[in-house]
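Below is one structure, written out as structure tokens, with a few remarks after it.
Ligands are counted one by one from 1 in listed order, and the atoms in each one are counted from 1 as well.
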Amino acid sequence: MEKLVTGTDHVHTAATVRRRQRQFVPPSGLHLHRATRADTVLLDQLFYATVDECPDPHCRPLLLDRVAADAEATRKLADWACYIASEMYCGLPAELVDEDEAATTVFHPSPFFCRLAAEYHNPEPALDAVYATYDTAQRRQVADNAVALVDGFQVWWTDFLYQ
Ligand SMILES: [Zn+2]
């Protein structure tokens, strides 16, 4: 009988993570105005698995599946990445909010991430309108992009979008 894969046999935490040139607050450490019931331990683990470049082929995909299944968790992760980027650039640059500009960067985020970044950059009264339309597969891309962005900043700082 095939073994059901429910998780990996290791965890990624702040205590075990490989160090980068710069450190940013993990998702669990950022408290935004928006109240959330998101599992921030899970979000941190996804972030640290990315920083660690985990060689386990099941690790990040499983974590991404779990984050994407939780709409609040994905939203928190996107807000966290946008907050850090906004602090670094004093606002979000066109390379994050404009889908055509973003496509020219090595980061190359999904259009779903760009639309959330655009909404973060220029909030309208219907703040959650874009996000509410996303399905699990789209949230998975957003979560993947969010952690990759902050990891890229840890290595490249502001140059990450301009290589
Ligand atoms: Zn791992």
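- Of all protein atoms, those that are N, O or S and lie under 2.8 Å from the Zn ion (ligand 1) total 4.
- Relative orientation of the Phe47 and Trp80 rings is perpendicular, given thresholds of 30° and 60° on the angle between their planes.
- Applying the salt bridge (charged side-chain N to carboxylate O under 4.0 Å, His left out) rule to Asp56 yields no partners; only residues at least two apart in sequence or on another chain are considered.
- Between Tyr131 and Tyr120, the ring centre distance reaches or exceeds 6.0 Å.
- Residues Trp156 and Tyr162 keep their aromatic ring centres 6.0 Å or farther apart.
- For Ser28, the side chain to side chain donor-acceptor pair (under 3.5 Å) test picks out Asp44, with sequence neighbours left out.
- Asp144 pairs by the side chain to side chain donor-acceptor pair (under 3.5 Å) definition with Arg60, not counting sequence neighbours.
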